Amino acid sequence: MLNEGITMADLPVHTIVFEILTRVPAKDVGRSKSVCKQWYVLLSTQDFVRIHCSRLLVSSNQRVLLIDDLTCSVHPIIFQSNDYGPSSIVTFPFHHHNNDVSILSLLNGLLCVCLNHTYELLLWNPTTTTFKHLSTPDSHGFYINNLDAIGLYVDADDDYKVLHIKYRSGVLGVYVYSREVDSWRNIPFITRQEYLSPHFNWSAGTFCGGTLYFTVCECWVGGTNLVICFDVNSEQFKEISFPPVPSTGMVQGVLVNVKNELHMFASTGMFEMTIDLWTLQWDYWIKVLSCPPIPPISLSLWCDITHYVTNGNWFLMTKLGKLFTIEMDMKPFECFYRVT
């Protein structure tokens, strides 16, 4: 509440932007950019985006976007009852076919998606409905599943970029798309090129602390597992080790950014599966939680984990839309069960 005699016009612009507009929905932020040039600049900074996202990360604001055949819907998550609320339909603003849109990477509400029938890459904001085709006549911006890796990030100049690592006919290419200049350019990939062979499975990039992280896992029992790091400002690659998990079964690592700290769900097993939660400190992994062996469950559970954090618990969602919960106050990791 404003003091008597003080109006909104008396408040400094910085106070209006960072204390008031960081608390309003994204659509209203978009409209506010048209007020004046100063507001547009401040509302476009990474500091504003970071504060706005952090203030919206409460349980009442959690939503899940589900794509099914020709429709796209947004569902609120009711954590008290471990269920979904009524959905709202989101209309695709671009032409697509049945079961055609795959989400490859996301950051601050912006999605990098692929049209499966044409292999084209797009940037899409479902909240504002704006989108941008990234494909070009010289073959940039086309994605092939199991051969390519994609990561979405923001550099020090607040420019949203897409890192595209691709392998075509034995030739490696690494390209960066800049939304600000609307173009692709090639950068060197200084690490072992065999990691780009079909024998290795790359995750989507997870952006955390100025670095894009990819898990790279060899596609057989006892194979090589590592993490590739891409410094988004120096544009240099480096390798760090995988958490020290048993390699006697299939190994999978799922990276998540929680409050700008990188975590990994590392799962391993064949007929029984174990899942450990690790956090990265400098270039070393520290185990946070461990779970006892879990009886056989669908492979889709541990290959695609989306996380939500609320009231001290982790909520995990599989690519099939099933919700699971982990109670973080249980040590050791005693609670991992289906809630929907």
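No experiment lies behind these values; they were computed from the predicted model shown.
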_Suppose the criterion is salt bridge (Lys or Arg N to Asp or Glu O under 4.0 Å): which pairs have a residue in residues 165-174, not counting sequence neighbours?_
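Listed by first then second residue: Asp148-Arg168.
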*Can you tell me which residue pairs pass the salt bridge (Lys or Arg N to Asp or Glu O under 4.0 Å) test with a partner in residues 203-219, sequence neighbours excluded?*
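The answer is none; no pair qualifies.
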*Who pairs with Asn233 by side chain to side chain donor-acceptor pair (under 3.5 Å), at least two apart in sequence or on another chain?*
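Partners of Asn233 under the side chain to side chain donor-acceptor pair (under 3.5 Å) test: none.
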*Does the side chain to side chain donor-acceptor pair (under 3.5 Å) test come out yes or no for Ser87 and Ser73, once each step is laid out?*
CA-CA 6 Å; Ser87 65; Ser73 57; 5.0 Å; no
*asked:* For a side chain to side chain donor-acceptor pair (under 3.5 Å) check, start with the C-alpha distance between Glu120 and Thr118, then their side-chain angles and the critical distance, and finish with the verdict.
replied: CA-CA 5 Å; Glu120 292 178 89; Thr118 62; 2.9 Å; yes
*Any chance the side chains of Asp155 and Tyr160 put a donor and an acceptor closer than 3.5 Å?*
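No, because no side-chain N or O of Asp155 sits under 3.5 Å from a partner of the opposite role on Tyr160.
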*Short side-chain donor-acceptor distance under 3.5 Å, Asn257 and Thr206*: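 On atom types as modelled, these side chains do not qualify, holding no pair under 3.5 Å.
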*Roughly how far, to the nearest 0.5 Å, is CG of Leu280 from CE of Met264?*
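Separation between the atoms: 8.5 Å.
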*asked:* To the closest 0.5 Å, what do you measure between CH2 (Trp124) and CG (Leu111)?
replied: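 Nearest 0.5 Å value for the CH2-CG distance: 6.0 Å.
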*Near His117 NE2, under 6.0 Å, is it more than 12 heavy atoms from other residues, nucleotides or ligands?*
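Buried by this count: over 12 neighbours within 6.0 Å.
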*asked:* For the backbone of Asn125 and the side chain of Thr130, can you confirm whether one donor and one acceptor N or O come within less than 3.5 Å of each other?
replied: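 Side chain of Thr130 to backbone of Asn125, a donor-acceptor pair under 3.5 Å: no, none is there.
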*For the side chain of Thr211 and the backbone of Asp231, is there at least one donor-acceptor N/O pair under 3.5 Å apart?*
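No, Thr211 side chain to Asp231 backbone: no donor-acceptor pair under 3.5 Å.
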*Walk me through it: do Tyr177 and Asp182 pass the test side chain to side chain donor-acceptor pair (under 3.5 Å)?*
CA-CA 7 Å; Tyr177 172 82; Asp182 188 24; 2.6 Å; yes
*Hey, mind stepping through Phe207 and Leu152 against side chain to side chain contact (heavy atoms under 4.5 Å, CB included) and telling me if it holds?*
CA-CA 7 Å; Phe207 183 56; Leu152 187 59; over 6 Å; no
